[in-house]
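Each chain gets a letter, A, B and so on, in the order its sequence line appears, and its residues count up from 1.
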Amino acid sequence: MLKTTTHNTMHNNLKAADPTTFNDIFTQLQQHYGHLPWWPADTEYEMMVGAILTQNTNWKNVEKALANLAGHLTGKIAPQQILAMPLDTLAQLIRSSGYYNQKAIKLKALTLWYQKYDFDISQARCIEGATLRIELLAVNGIGPETADSILVYALDKPFFIIDNYTRRILHRIGFELPTGYDKLRLLLEQNIPRNITTYQQYHALLVEHAKRYCTKIPQCQHCPLYCCCQKNIE
DNA sequence: TTCCCGCTAA
DNA sequence: TTAGCTGGAA
């Protein structure tokens, strides 16, 4: 006879994080979506620019902004040109990404940080991940999610990216999630093998899944995680 | 009207 | 803890 502990009842049968479950989720998503070509960008610098532009913004609008920038700069988006450009001009070019005045300032700040490494990604990659993370967080306009995105997709440093999608999916599946960005990040990093390829792909899968099935109003019918999910919907 | 791969300032 | 930042698509 199974006994339900009062502890379980009080916490609505929430799951504890464990490596096997996270591995299962990864496998299921991987089988469904296959390998995803993330992050979409021609250069590491463009990746970082995209990370700023997509803050609380639909990626489609970011693509337009990136295309505008590339057009104005006749080709590839170079950090030197971003620094040289007047703030207003930059702001107008990225208008479609929203918060354009703020983001223009943020792009300048990001680029000034990058200049420290001569705009050379291989130089930046020589620095330890934890150090780079502190540096990025000190840049105006770069918070934890943007920092970790840059670390994972441009600098090849393994930090688990936490975004709304990650929280939404894991919450619905039924995990007890700590409040606070770093608490959840550390929890996942302790339960998922810390290698860069896995972290790149895992985050990509979560985002894709949140857009296809685990949307604001979830489409559970043909969800690849249907069986292991408690459908813990508000 | 709501929702987008958030962050800062206060 | 939350107002403010902002355009574009659904």
Side-chain angles (χ1 to χ4, degrees), chain A residues 25-26 29 33 35-41 44-69 71-72 87-113 133-155 157-172 177-185 188 196 198-219 233-234:
Chain A
I25 293 171
F26 183 81
L29 291 174
Y33 297 107
H35 180 262
L36 302 171
W38 264 44
W39 182 296
E44 286 80 10
Y45 179 65
E46 190 190 309
M47 181 276 143
M48 298 192 271
V49 170
I52 297 283
L53 295 184
T54 198
Q55 288 172 0
N56 199 34
T57 300
N58 191 302
W59 181 254
K60 297 267 183 180
N61 292 345
V62 176
E63 285 181 324
K64 290 176 190 183
L66 288 171
N68 269 345
L69 273 179
H72 185 261
L87 201 57
D88 300 339
T89 310
L90 181 56
Q92 286 312 311
L93 286 169
I94 61 171
R95 202 162 192 279
S96 69
S97 72
Y99 314 120
Y100 50 89
N101 290 312
Q102 304 283 105
K103 284 176 178 175
I105 297 171
K106 294 179 181 188
L107 286 182
K108 293 274 191 181
L110 163 77
T111 310
L112 280 176
W113 164 81
R133 189 168 198 271
I134 291 169
E135 286 187 9
L136 286 169
L137 288 174
V139 175
N140 186 284
I142 298 183
E145 183 184 335
T146 307
D148 288 336
S149 296
I150 291 172
L151 287 161
V152 166
Y153 293 110
L155 294 163
K157 307 292 183 183
F159 293 87
F160 204 96
I161 302 164
I162 307 300
D163 58 4
N164 268 329
Y165 294 156
T166 307
R167 278 192 181 279
R168 184 202 286 166
I169 294 170
L170 296 181
H171 171 256
R172 284 177 177 169
L177 300 181
T179 338
Y181 187 97
D182 282 321
K183 289 243 175 62
L184 180 54
R185 176 176 66 81
L188 295 183
I196 184 62
T198 304
Y199 281 22
Q200 287 172 339
Q201 176 69 358
Y202 211 136
H203 177 69
L205 288 168
L206 288 173
V207 173
E208 196 61 24
H209 186 60
K211 289 184 173 176
R212 301 264 194 95
Y213 295 94
C214 210
T215 44
K216 190 105 188 181
I217 298 167
Q219 315 291 314
I233 300 154
E234 268 56 41

Can any side-chain N or O of [X] pair as donor or acceptor with the backbone N or O of [Y] at less than 3.5 Å?
| X | Y | answer |
| --- | --- | --- |
| A/Ser96 | A/Asn61 | yes |
| A/Asn68 | A/Ile94 | no |
| A/Thr54 | A/Ala51 | no |
| A/Tyr100 | A/Leu93 | no |

Between [X] and [N], is there a side-chain N or O to OP1/OP2 distance below 4.0 Å?
| X | N | answer |
| --- | --- | --- |
| A/Arg168 | B/dC4 | yes |
| A/Tyr100 | C/dG7 | yes |
| A/Asn101 | C/dT6 | yes |

[X] has an atom [atom1]; how far is it from atom [atom2] of [N], in whole Å?
| X | N | atom1 | atom2 | answer |
| --- | --- | --- | --- | --- |
| A/Ile162 | B/dG6 | CD1 | P | 13 Å |
| A/Gln102 | C/dA3 | CD | P | 17 Å |
| A/Arg95 | B/dC4 | CZ | P | 23 Å |
| A/Asn164 | B/dT2 | CG | P | 17 Å |

Exercise for the section: Compare the aromatic ring of A/Tyr99 with the six-membered base ring of C/dG4 and state whether they stack according to the 5.5 Å and 30° rule. Expected result: no

Practice task
Go through the side-chain N and O atoms of A/Gln200 and A/Trp38 and say whether any donor and acceptor fall under 3.5 Å apart.
Solution key: no

Exercise for the section: Answer whether the closest heavy-atom distance between the side chains of A/Trp113 and A/Met48 falls below 4.5 Å. Expected result: yes

Completion exercise
So salt bridge (charged side-chain N to carboxylate O under 4.0 Å, His left out) across residues 201-212 of chain A, not counting sequence neighbours, yields A/Glu208-A/Arg212

Practice task
Answer with base, sugar-phosphate or nothing: what part of the nucleic acid does A/Gly143 contact at a heavy-atom distance below 4.0 Å?
Solution key: sugar-phosphate

Exercise for the section: Determine the contact category for A/Val139: base if any of its heavy atoms lies under 4.0 Å from a base atom, sugar-phosphate if only primed atoms, P, OP1 or OP2 are that close, otherwise nothing. Expected result: sugar-phosphate

Practice task
Rounded to whole angstrom, note down the P distance from C/dA3 over to B/dT2.
Solution key: 15 Å

Problem - Spacing of the P atoms in B/dA10 and C/dT6 (rounded, Å) - result: 16 Å

Problem - A/Tyr199/A/Phe159 aromatic ring centres below 6.0 Å - result: no

Fill in the blank from the handout: Result for 5'-nearest mapping on DNA chain B, choosing between A/Trp39 and A/Asn140, is A/Trp39

Practice task
Tell me which residues in residues 103-113 of chain A put a heavy atom below 4.0 Å from DNA chain B, sorted by number, or none.
Solution key: A/Lys106

Problem - Residues within residues 205-218 of chain A bordering DNA chain B, heavy-atom distance below 4.0 Å - result: A/Val207, A/Lys211, A/Lys216

Problem - Partner set under side-chain contact (heavy atoms from CB on, under 4.5 Å) for A/His209, not counting sequence neighbours - result: A/Leu29, A/Tyr33, A/Ile169, A/Tyr213, A/Cys214, A/Cys223, A/Pro224, A/Leu225

Completion exercise
d(A/Leu110 CG, A/Tyr45 OH) to nearest 0.5 Å is 6.0 Å

Exercise for the section: Check DNA chain C against residues 51-66 of chain A and give the residues with a non-hydrogen atom under 4.0 Å, in numerical order. Expected result: A/Asn61, A/Lys64

Please set out all donor-acceptor pairs under 3.5 angstrom arising from side-chain atoms of residues 139-146 of chain A, sequence neighbours excluded.
{"unit_1": "A/Thr146", "atom_1": "OG1", "unit_2": "A/Gln55", "atom_2": "NE2", "d": "2.9"}

Problem - Minimum heavy-atom distance between A/Gln201 and A/Leu36, given as atom pair plus value - result: OE1-N, 3.4 Å

